[in-house]
Asks: 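The structure that follows is given in the form of structure tokens.
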Amino acid sequence: ASTLGEAAAESGRYFGAAVAANHLGESQYVTVLNREFTSVTPENEMKWDATEPSRGSFSFGNADRIVNHAQSQGMKIRGHTLVWHSQLPGWVSGLWGDDLRSAMNNHITQVMGHYRGKIHSWDVVNEAFEDGGSGARRQSVFQQRLGDGYIEEAFRTARAADPNAKLCYNDYNIDDANAAKTRAVYNMVRDFKARGVPIDCVGLQSHFNSQSPVPSNYQQNIEQFAALGVDVQITELDIEGSGTAQAENYRRVVQACMAVSRCTGITVWGIPDHYSWRASGTPLLFDSNYNKKPAYYAVLEALGGS
Ligand code: G3I
């Protein structure tokens, strides 16, 4: 196999990219997207501020453009994301109690309903835990006003809205098997599985740089989540750096996923470096002229391609 998507497919995995609707008219971008990737994640277009900017009024235009493109190419689609403290329209923060609860459930039901049958996995809840050593829940409006139960409620609502989509909890800095934040997410997933709360996957965002490098126990971390009976997806992979050092870090991440059968796919968070959310960085697999970087070849090899 000579592309990322084909190489990943040989082991039954997908290889995806975060995609922005406003680049779909660019021929080089689309050429590389269509050639290399078998899954897409809308980078911003399915977030709450984009899909329900005012209460009860839904706008799916940009997300639909990505979904239509992906479907025309036979690509899978990851849904990102339903319940998140960021990119949340202001009106949500004005709600309390049962009013907030019903707005959350309605948002999940409407957005998942619009795409029912088209999304292979949804990030139902994103980034609900604090950084640092506390292992505490992030004090979002949902946490503060609905309490711990909001995550479970979101997953139950999501299961009803699209029973065939895999339901994921997605977060960053949960890549180190022993970190407090990882342990907190692990304990939540274990509890959900024990009590029959519907959850199918954990998304490891895996944004790495020199301050947060690829942990030495990254594969062990994937294994410990998989052992709970959920799939693991690497959902937003990017690694700062360049040249051989960057390539070897990418290789390690992909090898770790390949070693665990329940690690079912990898998504990189953008295609060429200049469209990365890390404005001044070079964390992706293609340079700003769409040339393949050493990291690209390391990933292709680790997937079993050449
Ligand atoms: O759409 C507006 C545009 O109208 C305006 O002129 C422009 C001026 O700033 O902003 C545009 O919105 C920006 C949006 O990206 C679309 O480009 C926002 O300011 C900007 O904050 C937003 O950044 C996104 C970020 O999430 C927001 O939190 C990044 O593109 C996106 O890559 C990033 O993705 C997140 C994942 O969703 C969750 N995990 C972390 C990851 C990286 O931060």
Side-chain angles (χ1 to χ4, degrees), residues 16-26 29 33 37 39-54 59-67 77-90 92-93 107-108 111 115 119 121-132 137-138 140-142 151 154 167-176 179 181-182 185 201-212 214 232-241 253 265-286 288:
V19 165
N22 61 339
H23 299 317
L24 288 177
E26 299 169 25
Y29 183 91
L33 169 63
F37 297 98
S39 172
V40 300
T41 306
E43 186 173 358
N44 290 295
E45 293 80 352
M46 287 186 179
K47 293 171 180 176
W48 199 320
D49 62 352
T51 53
E52 194 184 5
S54 60
S59 62
F60 295 114
N62 285 330
D64 284 352
R65 286 173 60 201
I66 297 175
V67 168
I77 302 148
R78 294 196 84 259
H80 176 79
T81 179
L82 295 164
V83 180
W84 188 27
H85 66 278
S86 179
Q87 285 171 290
L88 191 62
V92 179
S93 319
H107 182 75
I108 294 168
V111 176
Y115 293 111
I119 305 288
S121 304
W122 266 108
D123 293 330
V124 178
V125 176
N126 196 44
E127 302 177 3
F129 286 82
E130 291 283 9
D131 286 308
R137 295 289 191 88
R138 183 189 295 273
S140 65
V141 292
F142 304 106
I151 300 183
L167 307 181
C168 304
Y169 175 79
N170 191 52
D171 214 330
Y172 65 92
N173 284 350
I174 58 165
D175 307 294
D176 182 324
K181 189 172 173 182
T182 310
V185 173
C201 35
V202 170
L204 306 180
Q205 292 186 9
S206 301
H207 294 289
F208 296 120
N209 59 20
S210 54
Q211 279 78 52
S212 81
V214 184
V232 175
Q233 302 181 19
I234 299 172
T235 53
E236 304 184 14
L237 178 62
D238 54 18
I239 310 179
E240 262 296 19
V253 168
I266 299 172
T267 298
V268 288
W269 204 241
I271 302 175
D273 279 334
H274 65 302
Y275 289 155
S276 168
W277 69 288
R278 294 192 194 273
S280 55
T282 56
L284 296 171
L285 301 180
F286 294 86
S288 297

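We count ligands from 1, going down the list as the structure has it; atoms in each ligand are counted the same way. For the numbers below, each heavy atom of this structure counts, side chains included, while hydrogens, waters and symmetry mates do not.
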Asks: In Å, rounded to the nearest 0.5 Å, how long is the span from CD of Gln205 to CG of Asp171?
Replies: 6.0 Å
Asks: Going by atom types alone, do Thr182 and Asp176 pair a side-chain donor with an acceptor below 3.5 Å?
Replies: no
Asks: Are Thr81 and Trp48 packed together at the side-chain level, in the sense that at least one heavy-atom pair is separated by less than 4.5 angstrom?
Replies: no
Asks: Compile the protein residues with any heavy atom at a distance under 4.0 Å from an atom of ligand 1; present them by chain, then by number.
Replies: Glu43, Asn44, Lys47, His80, Trp84, Ser86, Gln87, Asn126, Glu127, Gln205, His207, Glu236, Trp269, Trp277
Asks: Can you confirm whether Asn44 sits close enough to Asn62 that some side-chain heavy atom of one is under 4.5 Å from a side-chain heavy atom of the other?
Replies: no
Asks: Classify the ring geometry of Tyr275 against His23: parallel below 30°, tilted from 30° to 60°, perpendicular beyond 60°.
Replies: parallel
Asks: Are Tyr172 and His207, when compared by the centres of their aromatic rings, separated by less than 6.0 Å?
Replies: no
